[in-house]
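Quick caveat: nothing in here was measured; it's all calculated off a predicted structure. So you know, we letter chains A, B, ... as the sequences are listed, proteins then strands, and number each from 1.
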Amino acid sequence: MSEEKVGSVAYVRKEIVKDLPPPPSTTGVIGWLRTNLFSSFGNIILTAIALYIVYSLASLVYEFAFANAIWEGTEGKDCRVPDAGACWPYIANRFNFFIYGFYPSEEYWRPNLVFAIGAVLLVALATPKIPGKMISGILFLFVFPVVTFFLLYGAGFTGLAEVPTEKWGGLMLTLVVATTGIVASFPLGVLLALGRRSNMPLVRSVCVVFIELWRGVPLITVLFMASVMLPLFLPAGTNFDKLVRALVGVTLFTAAYTAEVVRGGLQAIPKGQYEAADALGLNYVKATSLIILPQALKMVIPGIVNNSIGLFKDTTLVSIVGLFDLLGAVKAGTTTSTWSAPTVPVTGFFFAAIVFWIFTFTMSRYSQYMEKRLDTGHKN
Amino acid sequence: MSADNVSSDSVPPASQDAPAKASLFYDPKARAIFYQVALLVAVVWFGSYIWGNLTDNMARQNIRTGFAFLNNISGFDINFHLIDYSRSSTFWQALQVGFLNTLLVSAIGIVLATIWGFTLGIARLSSNWVIARLATAYVETLRNIPLLLQMFFWYFGVLALLPNVKQSIPLPLDIFFNKRGLFFPGPVFSEGFGIVWIALAVAIIASVIVFKWAHKRQDETGVRPPAGLISIAMIVLLPAVAWIATGQSLTFDLPQLKGFNFKGGLHIPPELIAVLWALVLYTATFIAEIVRAGILAVPRGQSEAAQALGLKETDRLNLVVIPQAMRVIVPPLTSQYLNLTKNSSLAVAVGFPDLVSVFMGTTLNQTGQAVEVVLITMLIYLSLSLITSAFMNWFNARIALTER
């Protein structure tokens with residue numbers, strides 16, 4: 001057959017037919033709705049139920065927080081009206097108490113300065129693009145706590161008015177407890193993790209017992225123990241701050257959890273790294289600090305952040321042993337006679353929940369982001 | 001000690017032909033022993049220092065020691081107790097009441113949180129967009145709010161808004177809901193009811209045997225008898241038959257409003273409702289994440305292979321996906337159960353008389369014997385943790401991959 005013959009036959013196509021567009025029912029908004037919401041009879045019912053739940057929740061929150069909410073007032077009486085929603089004046093009235101506790105108002109610049117320094121250091125530490133991680137790390141872990149203490153507590157050489165820890169409270173106290181817990185427990189946790197991986201049976205068993213002891217009991221019992229037993233453990237006459245007692249309890253408790261996270265990182269390091277360090281003739285301290293830990297700690301950043309989220313939420317427990325953290329401050333306010341109204345507690349806890357949620361959700365997003373960034377794709 | 005060894009070892013010149021023996025200072029074994037002895041000395045010194053201070057302080061403050069206080073009369077009331085308890089009971093009985101309450105909250109909490117968590121986890125993977133998003137939003141919200149805050153929210157916030165006893169909210173089946181909690185009909189077991197329990201026990205034992213038989217039969221012939229259906233039928237029918245045969249010996253005691261409170265029926269105090277509600281809603285978010293991760297960890301090829309073999313949708317899930325997902329799910333699930341048990345101690349904050357509230361709270365205040373009380377409480381939680389993890393390890397070993 002020759003070329004001309006094919007070309008001359010009228011019914012033979014010379015070019016490829018263009019793809020037909022997909023049927024309109026499978027594309028665009030309608031197609032998306034059909035596949036994702038109404039693909040079967042059961043699915044239609046599920047969608048209806050889910051939409052109903054969303055609608056009722058949304059209207060509940062809207063009515064509580066906006067439509068029926070009380071926006072103006074000076075005391076609980078103003079919120080004591082039938083079918084009242086949120087009592088926002090309570091939050092506005094007590095806002096400073098929720099943030100600073102009993103901290104004297106003319107000294108608010110000190111906690112504010114601490115917040116600012118902490119925020120700057122955290123951003124420098126957490127953003128991968130900013131160089132100088134070593135410096136910001138040292139500043140955050142060693143310098144910042146000292147500066148914070150002298151700024152908040154005052155007295156001594158600082159020339160600032162002394163503010164005893166009984167006056168600390170609110171979100172400020174929550175952040176102090178959480179940060180101290182994370183920062184102070186970190187070195188202890190790393191040591192415990194290394195100890196648990198040690199070849200020396202006695203070192204290993206001491207570490208295992210320590211870790212499992214703290215992990216096996218609830219934080220609240222640790223806090224109770226710290227507040228009633230720590231004073232008995234020290235020589236008679238040692239005056240012991242309530243906040244410091246709670247901090248000791250929180251630190252020991254968190255260290256056990258940090259140790260387990262770090263141990264995960266140590267175990268994930270290939271044996272070759274240990275052997276290479278040995279082959280180079282490095283001793284234990286050098287091998288650990290120069291070869292093993294830098295790799296292991298980088299790997300466990302998401303785990304540490306998750307731990308921090310847990311600790312941040314757990315700081316609320318200090319309100320049970322008589323400290324006024326954010327939750328304690330909110331709760332204390334609801335029981336005062338000036339602000340006794342039915343919806344005041346709900347409003348207060350709603351507000352506190354939003355504040356806590358913003359912090360923890362940010363941390364969890366950061367942890368997920370780091371997980372993705374550190375996942376270099378060659379696991380195992 | 002080691003310094004002496006170094007100097008004495010390094011002085012005599014080692015002979016050329018004998019292998020040079022490293023000084024003790026550089027001998028890893030000697031170093032290991034030295035470090036461990038040093039640690040032991042430090043631990044013992046620290047322990048004795050604390051012990052010394054402790055006994056000193058306690059003697060100074062006239063704090064009694066020993067566990068004899070457990071036999072003293074407690075003198076306080078506990079508003080929710082599963083065993084007999086009154087003001088004239090001993091601290092030992094108070095401890096038992098608190099412990100049982102903790103067990104009760106943990107057990108109910110674990111069951112409900114597992115059901116709700118699995119539902120949420122599967123919902124997050126749903127092909128239905130609204131359901132998946134709704135479940136995600138739920139998990140991301142409740143997981144990130146402190147549990148104690150949630151308990152306060154439900155107890156001081158929401159439950160306090162409920163009406164008084166007189167204006168109780170009536171629910172179907174003679175259930176009433178008000179500020180004082182939930183009142184519902186309680187079953188009254190008459191004398192002949194024991195036989196129904198026996199029938200139930202027989203049915204359960206028979207189901208276990210049926211499962212074993214079904215397993216064996218499948219191994220031998222490849223046919224799968226419907227063991228699940230048979231056992232459900234037995235567990236429902238046998239007690240029902242026994243119940244009818246004994247002449248309906250089960251009646252209900254209905255709650256009735258008398259004066260200022262409900263009389264009769266069963267009563268769940270608002271503290272228990274708040275604690276359970278918060279514990280379940282909170283822990284379920286973590287279980288949901290575990291379940292989701294477990295199901296996603298089963299390779300897609302497994303599902304596709306099951307489909308290629310022509311398995312039904314339910315068989316694909318029950319025989320291929322879930323057994324493999326369970327291997328990933330069980331270990332973290334264990335730690336969530338432990339967390340729930342430990343978190344039930346937050347009940348102290350809303351006044352539910354759990355172990356911490358009864359013992360570390362009231363008993364500690366009454367007796368002042370902090371050391372003994374804290375020790376006992378911590379030991380109880382520690383042993384609960386160890387027992388749970390031992391059981392879950394056993395379970396995990398059972399369902400783990402058997403390599404041939």
Part of A:L213 within contact of chain B (heavy atom distance under 4.5 Å) | both
Winner by heavy-atom pair count (cut-off under 4.5 Å) against chain A, out of B:D56, B:V43, B:L40, B:N339 | B:L40
Chain A contact via B:V356 - side chain, backbone, both or neither, heavy atoms under 4.5 Å = side chain
Checking heavy atoms, do the side chain of A:L46, its backbone, both or neither come under 4.5 Å from chain B?
-> both
Measure distances from B:V373 to the heavy atoms of chain A and classify the residue's part below 4.5 Å as side chain, backbone, both or neither.
-> neither
Between A:R204 and chain B, which part of the residue has a heavy atom less than 4.5 Å away: side chain, backbone, both or neither?
-> neither
Which atoms of A:L317 approach chain B - backbone, side chain, both or neither, heavy atom under 4.5 Å = both
Heavy-atom distance under 4.5 Å to chain B: side chain of A:S319, backbone, both or neither?
-> side chain
Heavy-atom pairs under 4.5 Å with chain A, option from B:V374, B:T55, B:N343 with the top count | B:V374
Per-residue contact mode, A:M229 against chain B (heavy atom under 4.5 angstrom) | side chain
Partner chain A: residue of B:L39, B:L386, B:L364, B:L148 with the largest heavy-atom pair count (under 4.5 Å) = B:L148
Contacting moiety of B:I50, where chain A heavy atoms sit under 4.5 Å = both
Where on B:Y138 is there a heavy atom nearer than 4.5 Å to chain A: the side chain, the backbone, both, or neither?
-> neither
Based on non-hydrogen pairs under 4.5 Å, which of B:V158, B:L375, B:L134 is most in contact with chain A?
-> B:L134
Residue part contacting chain B, namely of A:V222, when any heavy atom lies under 4.5 Å = both
What part of A:V206 lies closer than 4.5 angstrom to a heavy atom of chain B: side chain, backbone, both or neither?
-> side chain
Proximal component of A:P231, with respect to chain B [non-hydrogen, under 4.5 Å] | backbone
Distance-only polar pair, side chains of A:T316 and A:D325, donor-acceptor under 3.5 Å = no
